[in-house]
Amino acid sequence: MSAQAFRSIKDIPLEEYFTPGHRACQGCGETIAVRHILKAAGPDVIVVNATGCLEVISSPYPYTAWAVPWYHVAFENAAAVASGIEAALKVLTRKNLISGKKIHVVCFAGDGGTADIGFQALSGALERGHDFLYVCLDNEAYMNTGIQRSSSTPYGAWTTTSPPGKVKPAGQMTYKKDLPSIFAAHGIPYVATATVAYPLDLINKAKKGLEVEGPAYLHVYTPCSPGWRIPSEKVVQVSRLGVQTGMFLIYEVENGQLRLTVKPSRRKPVTEYLKMQGRFRHLSDEDVERIQRLVDERCAKFGLPPLEAST
Amino acid sequence: MTTDKPTVKNLPIAGIIFVPGSAKEYNTGAFRSQKPILDAKLCTKCGMCWVYCPDGAVFVNSEGMYEINLKYCKGCGICSEECARKAIKMVDEEE
Amino acid sequence: MGKRISIECAHAASLAVKLANVDVIAAYPITPQTHIVERLAEYVANGELDAEYINVESEHSAMSACIGASAAGARVYTSTAGQGLALMHEMLFIAAGNRLPIVMGVANRSLSPNLNIWGDQSDMMASRDCGWIQIYAENAQEVFDHTLQAFKIAEDERVLLPVAVCFDGFHVTHVIEPLITLDQEEVDRFLPKHRKAVYKLTPDQPSTWGPVAGPDIQTELKVQNEWALNSSKDVILEVWREFGDLFGRYYAPLETYKVEDADAVILILGGFAGTGRVAIDKMREEGKKIGLVKLRLYRPFPIQEVKDLLTRVKAVAVVDRAISAGGLGGPVYGDIRNILYDEEHRPKVLSFIAGLGGRDITVKDFKRIGEKVLDVAAKGHSEHKVDFIQVRI
C-alpha cells in the first residue's frame, strides 16, 4: 500500500472547496464527507452531482457552495455525464486544445441515485473504465424527498414508504443492497467504504481513488439527523457506532485485494447503534436479534472479532 | 449580489452561476437555536471541531486558534459533542 | 473538390461527422440508426477520426454523456431512433436548456407498442417541444449537408443550441444514393476545425451549471431558451447561405414544388416528399393546379415563410407520419392550422396521417390526398377531420 497522503488532521488542507453558506440541515453527515473529499481533490476537479440533498442544498440560484466547476444534470445519470466529461478532457488534451494538467472528475450521488435510479449508468461507466471517482453518499433513504426507502435502506428501518405496521412489523422488510461488493465485482482498480467519524481514513481513500488510473468507487456512510431520527449533535457518534458495532464495514479493495482499514478491537452489540435512532424504535427483540445475527455472520466473513461478551 | 430580480436578458445563460462559492454570502446562522461557545483555555487545538463541522463554520484565526463563525454555524452541536476536552458548550441563542 | 459517389444515406451522416472532426461520440445501437455509428466506430478504430467513442449502455446515457462532453467543451455527436429517442426524452430538454451545441442524427422510427423498427416521425414529434433545432432531410445529400451545417449552427455563439437532423428510418437511412462529397479542406473553410466553447466546465474559471431554480427565475430561464431558439433562425439562414455560396447548394426552411399557380398544396416533412413530387407531376399532367411543400426547418418554426406561402393557396393538405393523440390529427397539421388562424386570407387545412410504422405512402395515396384538397379548395368549405390513409377499418 502506498503511503498515506494525510497522516494527521494537520495535513488536511484548510481550503474549503465546498463553502459555508450551503443550506444543509443542522448536523448534515454528507456535507462533512464532501468537504474532505474535495480537499483531497484540490482545485483541479470537475464535479458532477446527481439530484438529491447535496445538489439542492448547495445550489439554489444565485448561491453556490461550489468553489470548483460543478454540474448537475439529473438524478439517474451522474456517472454517464461524468463519462462524457472524462472523455472530453481526454480527447481535448490529446488534441492540445486544453492544458495538459490533470483534471479529476468526481461524482457525488446519494444511495437512491446509486443503488436505484443511477445503478445502470454507474455500472456502464465503471465497465467502460472511465478515469473518475464516484462517491455514493449513503444516508440509507431518499432524504431529499422526505425519507422514502431505497434499496440501500437497511432491514428494520422506518421510512415514510416503509412504515412499520401489523403486516410489515419491521418497516423495511428487505436487506440493504451491497453496493461496494457489486461495484468491486466490476473489477475496477479501487473500491472503498468510509464514514464521516473517521475523516483521515475517508480523505486518504478519496485521494487514492482520485489517483488510481481508471474508475474508483467510494461508498461513504453519511448519517442523516432528520431521516435517522437522531439529534444533530449525534451524527458523528452514530457514524462511529456504526463501525464499532459492525453495521458499517470499513475497507478498501485495491486490485482485488480486500483490506479492513478501520478494525474495532472489540465489537459492540448492534443495539447500541440501533437504540440511538428513532427509525429503529419499533423493532422487536426478535428483529434486533436477527440484525445481530446477520451482522455477526458478515463480520466473521470479514475477519472482525466476535461480539464482546455482554456484561 | 444584486437584490433585483433577474430578467430574461440579464440572467446568465442557462442560469449558470459564474461566481464560485457565492453561498458564502448567505447567512445560515439563522438556522440556529443554540450557539457554541469555545473556551480557548481548554482548547488543545486538536482540530476535531474543524474537521467535523458540516458547515465549514470553524476556522483558524490569525493567532492560530480555532474559532466559530456564527454567520454560518447552524448550531448542530457536533463540535461540542466531539470535543475531547469539552471545550465547546452549547448555549441557548438568547443567553 | 469533393467528388460524386454512391453512398448509403446513413453513411452520408457518418462521413459528415468525420469531416466535422468531432471530439466525442456517445451512442447506443438501435435500428435503423446503427449504420451511422457503426461507420463512426470504424473511423475511430482505424484512426481516420481522432475522437473518443463512448459505447454507452443506453440512449439515456448516450445523451447524458454528450451533455457532459459538450459542457466540457468538446464537439459532440450522437444518433438514435424511435425508442432510443424516447428514452433520451428527459435529457433532450436539458441539452437544450443548458445551451449545449450537440448534434444528433435521428433516423425517424415508429414508437412502441407494438415493436416496430420501421419509419415514421412519431419519435421526434413526441419530443418536438424539447427546445432543439429540428431539421428534416430527404436524401443523402441533405443528410450530409445538414449534418455538417448543424455543427456550425449549433456552435454559433448567438445560438448555442443542440440540433437534430432527422431523416426517415429505412426509406432514407438504408437507401443508396448519389452524393457530392466535400473534401476536408473544403469543410475546413466552412466549419472551424475545432469548437471554440464560450462557456464550459473548467477549473480555470469554476462555474456552477444546473443550479436549482425557484419560481423566481424559472420563467425567465424558459423564456430565455425560447428566445434563443426563435432567434436561431437568422443564424440558420445565414449558415445555409454561406454554405450555398461556398458549395453551390442552397437551402431554405420550406422547399416548394410547382406551387406558383397552385390552388392547393400538399405539405410534408422528410423523405416522402420525393414520392409526393412524382404524384404532383402526374396531377399536373391532368391539369390540376397543385403543388408540394416540404418543411425542412421544423423548429424554430418558419412562421413568416409558412404564412407568406400558404396564404396564397386555397387549401393545404398536411401529411403527418405521426398522430397527435386525442382527435387533433397530426402534429404538423396542428402547427400549420394554428399559425394561419389569424390570417385574413387563410386557406383550408386538412389533416392526413400516413406512413406509420414503415408503411409506404404511394403515388396513389398522394393523388387521393391531392384530389381531396383540390376539392376543398374548389368548394371553399372544410371541417376539422383526421383522414387516416390506407387504414383498414
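Order of the sequence lines fixes the chain letters, A, B, ..., with proteins taken first and strands second; residue numbering starts at 1 for each chain.
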For this session: Against chain A, label B:M90 side chain, backbone, both or neither, depending on which of its atoms sit under 4.5 Å from a heavy atom there.
Result: neither
For this session: Just give me the residue among A:K39, A:E30, A:H36, A:E16 that pairs up with chain B most often, heavy atom to heavy atom, under 4.5 Å.
Result: A:H36
Exercise. Does a side chain donor of either A:D111 or A:T114 reach within less than 3.5 Å of an acceptor in the other side chain?
Worked result: no
For this session: Check the side chains of A:S239 and A:T195 for a donor-acceptor pair under 3.5 angstrom, ignoring hydrogens and angles.
Result: yes
For this session: Give, as side chain, backbone, both or neither, the part of A:Q237 having an atom under 4.5 angstrom from any heavy atom of chain B.
Result: both
Exercise. By side chain to side chain donor-acceptor pair (under 3.5 Å), which residues pair with A:T31, not counting sequence neighbours?
Worked result: none
Exercise. When only heavy atoms count and the cut-off is under 4.5 Å, which of residues 63-73 of chain B reach chain A?
Worked result: B:Y66, B:Y72
Seminar exercise, completed: Applying a strict 4.5 Å limit to non-hydrogen atoms, the region of A:V196 in contact with chain B is backbone
Exercise. Does A:R23 count as lying over the ring of B:Y26, i.e. NZ or CZ under 6.0 Å from the six-ring centre, within 45 degrees of the axis?
Worked result: yes
Seminar exercise, completed: Ranking B:F59, B:Y52, B:F18 by heavy-atom pairs under 4.5 Å to chain A gives rank one to B:Y52
For this session: Check whether the side chains of A:K205 and A:T261 place a donor and an acceptor atom closer than 3.5 Å, and report yes or no.
Result: yes
For this session: Establish, from distance only, whether the side-chain atoms of A:H219 and A:D138 form a donor-acceptor pair under 3.5 Å.
Result: yes
Exercise. In terms of heavy-atom pairs under 4.5 Å, which option from A:P199, A:S59, A:A65 contacts chain B the most?
Worked result: A:P199
Exercise. Between A:A33, A:G27, A:C25, which shows the greatest number of heavy-atom pairs under 4.5 Å with chain B?
Worked result: A:G27
